[in-house]
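All values reported here derive from a predicted model rather than from experimental measurement. Below, read A as the first sequence line, B as the second, and so on, with proteins coming before strands; counting in each chain starts at 1.
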2 protein chains.
Amino acid sequence: MAQPDTVTRILDTAEVLFAERGFAETSLRNITSKAKVNLAAVNYHFGSKKSLIQAVFSRYLDPFTTRFHAALDELEAKHRQDGSEIPLEELLETMARTVLEVPAERNSLKVFMRLLGLAYSQAQGHLRRYIQDEYGSVFTRFTELVRRATPELPDAERFWRLHFVLGTVIFTLSGLDALRDIAEQDYHEHVTVRDLVRRLRPVVVSAMQAPLPEPPVQEAS
Amino acid sequence: MAQPDTVTRILDTAEVLFAERGFAETSLRNITSKAKVNLAAVNYHFGSKKSLIQAVFSRYLDPFTTRFHAALDELEAKHRQDGSEIPLEELLETMARTVLEVPAERNSLKVFMRLLGLAYSQAQGHLRRYIQDEYGSVFTRFTELVRRATPELPDAERFWRLHFVLGTVIFTLSGLDALRDIAEQDYHEHVTVRDLVRRLRPVVVSAMQAPLPEPPVQEAS
DNA sequence: ACCACATTCAAACAATTGTTTCCAACCTTG
DNA sequence: CAAGGTTGGAAACAATTGTTTGAATGTGGT
């Protein structure tokens, strides 16, 4: 579509600024001046600010979905041989590994997670729709595998618990910088992302396997 | 400070719009036109948009902290009599109950949670600082009680787990509308906030009581 | 009735936003 | 070397932003 230089320099700068300050708070002039490209370059190469935002996401999500599908293929093939179901831990492990792999190639996991967090919290209706349309299928596949790994859970319960842990991960990793400062100050330990994933593992597994809630209390009607 | 009408009408409208669309995406003209007040009224009564945002938060957080302190007083008094420690479940229960009580007086829990989520995710440095300064003490008190309820947890581990569950709650409840749509469509059940809290309870307790993570692997250095 | 004050209002302010325009520079192709 | 389409750049565009102004209106006290 275009030279590697200008386009990627815009993307590299945009993703950092978006992650730091959000979409609405980051102007095209912020991006272009820091990237040392002309203001018009964004509209020329991407068409609009919306498209730029989507492009920033694609650069992370495209490799992620590709790798994640491949990893799930591998996992399914392995367990098809011995006929066993894929255990929940292995599914979560695979997802975590894939998430960690992707941003290694580019900026940082922090940016990736922060972007995901923004995609949820910022209104940006077009973004949620875009992500849902483009990348919903891999999530559907994953949840189906989780379903087979946790047959004791009612469907609705599993749905909610998956979003509970999704919230934990995105919230923690996207707010990592602020939390890391506090943790370092209070407990004098330097926290890496891998540390956090290590801490998250048992928590997430326990959360998914928690006892079922009491049945809903019947309101007097 | 002023008539009940204009000021509260601005606050009522602002909190809804902020919750729906975020701070930067909501203009003062959006607020004032929907609230049917003059544009200048915001700057007249609140001084600036920043102050309006803080005022919106105060209206939720002030009653919350008051009630929460009172509830913790009561809880401590009760357990000081029989000399027992406050169990974790009771602490979490108290917090949940207080969170549910506050917005009953006003708009909705959804708005409250969505605002909290925005406070974290939107950059808005001034907001985080404001919340930290004004309401940090009650959180400190709560974490200290949690510490006594979970003596087996290392301090750093407890710190992180508290933020894990904080992420779960804020993320889920602030994105409730979108998730509810999906859940209703897929599982044909109408989800209320109280349902969600009921589902959250065992998950949060299990998360806090999960086994400790493996010690960090030592990198070859 | 009058005054002092608080509040409301319409209008304008300067600043910033995303986007477009038009021209110069460039590189590839004949 | 020349032609032509592609990419870069400075400036201007219209729209929207938060904020301020100054006059009009309302309100309560003496």
Among [options], the one nearest [X] by side-chain distance:
X: A:Leu39; options: D:dG8, C:dC9, D:dA11; result: D:dA11
X: B:His45; options: D:dT21, C:dT7, D:dA10; result: C:dT7
X: B:Ser27; options: D:dA11, C:dT8, D:dT17; result: D:dT17
X: B:Arg29; options: C:dT17, C:dA12, D:dA10; result: C:dA12
X: A:Thr6; options: C:dA12, C:dT19, D:dG8; result: D:dG8

| message | If the cut-off is 4.0 Å, is B:Ser48 near the phosphate of D:dG18, judged by side-chain N/O to OP1 or OP2? | response | no
| Can a side chain N or O of B:Asn43 be found less than 4.0 Å away from OP1 or OP2 on D:dT19? | yes
| task | Have a look at A:Ala41 and say if it touches a base, only the backbone sugar-phosphate, or nothing, with a 4.0 Å heavy-atom cut-off. | result | nothing
| message | Under 4.0 Å, heavy atoms only, any strand: does B:Thr32 hit a base, just the sugar-phosphate, or nothing? | response | nothing
Spacing between [X] atom [atom1] and [N] atom [atom2], to the nearest angstrom:
X: B:Asp5; N: D:dT27; atom1: CG; atom2: C1'; result: 15 Å
X: B:Phe46; N: D:dG18; atom1: CZ; atom2: C1'; result: 15 Å
X: B:Lys49; N: C:dA15; atom1: NZ; atom2: P; result: 19 Å
X: B:Leu28; N: C:dA11; atom1: CG; atom2: P; result: 19 Å
X: B:Lys50; N: D:dT17; atom1: NZ; atom2: P; result: 18 Å
X: A:Arg9; N: D:dG9; atom1: CZ; atom2: C1'; result: 13 Å
X: B:Tyr44; N: C:dC5; atom1: OH; atom2: P; result: 12 Å
X: A:Asn38; N: C:dC22; atom1: CG; atom2: C1'; result: 13 Å

| More than 12 foreign heavy atoms under 6.0 Å from CD of B:Glu74: is that the case here? | no
| Side chain to side chain, A:Glu157 and A:Arg161, heavy atoms closer than 4.5 Å | yes
| Heavy-atom side-chain proximity of A:Val111 to A:Phe18 below 4.5 angstrom | no
| Cationic N near anionic O, under 4.0 Å, B:Arg199 to B:Glu189 | yes
| Rounded to the nearest 0.5 Å, how far apart are OG1 of A:Thr98 and CG of A:Leu72? | 7.0 Å
